Amino acid sequence: YDNEFYFNITAQNQTKVGIIGKKNTDIEKIFPKKNTDIQYLNSTQELSDYQTIIVSEVQNDLENLGTKLKKAFDHGTQVIYIPNSSLSVNDHNSFFKHFGNLKYARINESKNSITNIHHTHPVYKNVFAKQPENFEYPTTTKNYIINGNLSPILSYSNQEAFAGNITNGIANLYVFASSLNNLDTNILQAPIIVPTLYNMVISNQHNQMQNFYLASNDFMLVPAITNN
């Protein structure tokens with residue numbers, strides 16, 4: 001796949017993004033610096049100052065982090081949860097218990113293909129120039145089975161969610177079923193991750209990525225004409 005990403009942004013409001021946990025430069029590359037201000041944080045900082053918080057493979061004190069992030073979530077902060085694959089379901093569920101009935105049910109340690117793009121999900125609003133088909137399926141080698149009232153964004157061939165969200169009406173909690181490191185998945189090498197993560201991060205803004213074309217051999221983002 002190409003290493004250059006081209007996309008249209010319909011507004012220039014900069015989104016303040018806080019990342020708690022592991023540094024992942026592949027994720028950072030998705031976000032243009034002129035549109036996103038990314039800062040690495042610790043859980044003792046004031047989290048509600050950020051429009052989006054990414055929980056990136058955090059290993060410790062998830063219960064207390066969940067308490068703090070629930071308060072920020074209730075005030076409109078988007079939360080993206082990327083699990084640390086070394087932890088048990090109980091460890092992760094100490095975080096999720098603050099967000100209703102959402103939880104990880106068990107761990108799957110066999111290879112699984114991510115085959116379904118839920119293109120009608122709000123994350124993909126105005127994204128696709130055509131409905132995706134015949135694309136190379138990304139895979140995971142280890143994932144958690146997600147239970148709860150989740151709206152799927154990407155899912156496996158068995159219909160279990162790889163990524164999805166819950167909402168409180170003013171913010172979203174986005175949850176992944178696996179870490180995004182290359183030991184557990186090749187999703188960061190798949191074109192679909194670009195509009196997915198980008199629009200998760202700025203989903204409370206009006207500058208969503210638009211007009212994404214996905215094919216079997218290549219991909220491009222076609223600029224949209226807007227009236228902003």
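On a predicted model such as this, the values are computed, not experimentally measured, just so you know.
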Whether the [X] and [Y] side chains hold a donor-acceptor pair (N or O, under 3.5 Å, no angle test) is what I'd like checked.
{"X": "Gln14", "Y": "Asn35", "result": "no"}
{"X": "Ser86", "Y": "Asn84", "result": "yes"}
{"X": "Asn64", "Y": "Thr67", "result": "no"}
{"X": "Ser85", "Y": "Asp184", "result": "yes"}
{"X": "Ser155", "Y": "His118", "result": "yes"}
{"X": "Ser56", "Y": "Tyr40", "result": "no"}

Flag the pair His92 / Tyr104 as yes when their ring centroid distance falls below 6.0 Å, and as no otherwise. yes
Supply the atom-to-atom distance [X] [atom1] to [Y] [atom2], rounded to the nearest 0.5 angstrom.
{"X": "Ile193", "Y": "Met200", "atom1": "CD1", "atom2": "CE", "result": "6.5 Å"}
{"X": "Asp74", "Y": "His98", "atom1": "CG", "atom2": "NE2", "result": "11.5 Å"}
{"X": "Leu62", "Y": "Leu87", "atom1": "CG", "atom2": "CG", "result": "6.5 Å"}
{"X": "Ile19", "Y": "Ile82", "atom1": "CD1", "atom2": "CD1", "result": "8.0 Å"}
{"X": "Thr77", "Y": "Asp49", "atom1": "OG1", "atom2": "CG", "result": "8.5 Å"}
{"X": "Asn182", "Y": "Ile187", "atom1": "CG", "atom2": "CD1", "result": "13.0 Å"}

Considering non-hydrogen atoms only, spot the tightest contact between [X] and [Y] and give its length.
{"X": "Ala161", "Y": "Leu150", "result": "CB-CD2, 3.8 Å"}
{"X": "Pro83", "Y": "Ser178", "result": "CD-O, 3.3 Å"}
{"X": "Ser157", "Y": "Asn112", "result": "OG-OD1, 4.3 Å"}
{"X": "Ser110", "Y": "Asn108", "result": "OG-OD1, 2.8 Å"}

Can you list the steps and then say if Leu154 with Thr196 is a side-chain contact (heavy atoms from CB on, under 4.5 Å)? CA-CA 9 Å; Leu154 295 169; Thr196 303; 4.2 Å; yes
Are Lys16 and Tyr50 in a cation-pi contact, defined as NZ or CZ under 6.0 Å from the six-membered ring centre and within 45° of the axis? yes
With the side chain counted from C-beta on, respond yes when Lys22 and Gln59 share a heavy-atom pair under 4.5 Å apart, and no when they do not.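 No, every pair of side-chain atoms sits at 4.5 Å or beyond.
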I'd like to check Ile54 versus Leu197 (side-chain heavy atoms, cut-off strictly below 4.5 Å). Are they in contact? no
Look only at the side chain of [X] and the backbone of [Y], and say whether a donor-acceptor pair between them is shorter than 3.5 Å.
{"X": "Ser113", "Y": "Tyr156", "value": "no"}
{"X": "Asn186", "Y": "Thr139", "value": "yes"}
{"X": "Glu160", "Y": "Ile145", "value": "no"}

Between Leu102 and Leu173, does the side-chain contact (heavy atoms from CB on, under 4.5 Å) criterion hold? Intermediate values first, please. CA-CA 10 Å; Leu102 186 67; Leu173 168 62; 3.7 Å; yes
Assess the residue pair Ile80 and Phe176 against the criterion (side-chain contact (heavy atoms from CB on, under 4.5 Å)); give the C-alpha distance rounded to whole Å, side-chain angles, the decisive distance to 0.1 Å, and a yes or no. CA-CA 8 Å; Ile80 300 173; Phe176 285 90; 3.8 Å; yes
Tell me whether the count of non-hydrogen atoms from other residues, nucleotides or ligands lying under 6.0 Å of NZ in Lys142 goes above 12. yes
Verify same cluster id: [X], [Y] (apolar side-chain graph, 4.5 Å):
{"X": "Ile153", "Y": "Val194", "result": "yes"}
{"X": "Ile146", "Y": "Ile166", "result": "yes"}
{"X": "Leu69", "Y": "Tyr174", "result": "no"}
{"X": "Leu41", "Y": "Ile27", "result": "no"}
{"X": "Ile202", "Y": "Leu47", "result": "no"}

Could you walk me through whether Ser179 and Asn181 pass side chain to side chain donor-acceptor pair (under 3.5 Å), step by step? CA-CA 6 Å; Ser179 75; Asn181 68 60; 2.9 Å; yes
Full working for side chain to side chain donor-acceptor pair (under 3.5 Å) between Thr36 and Tyr198: CA-CA 10 Å; Thr36 49; Tyr198 185 90; over 6 Å; no
Assess whether side-chain contact (heavy atoms from CB on, under 4.5 Å) is satisfied between Ile114 and Tyr137, documenting all intermediate values. CA-CA 6 Å; Ile114 302 162; Tyr137 299 138; 5.9 Å; no
Could you check Tyr144, Phe73, Tyr81 and say which one makes a ring pair (Phe, Tyr, Trp, His ring centres under 6.0 Å) with Phe96?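 The passing option is Tyr81.
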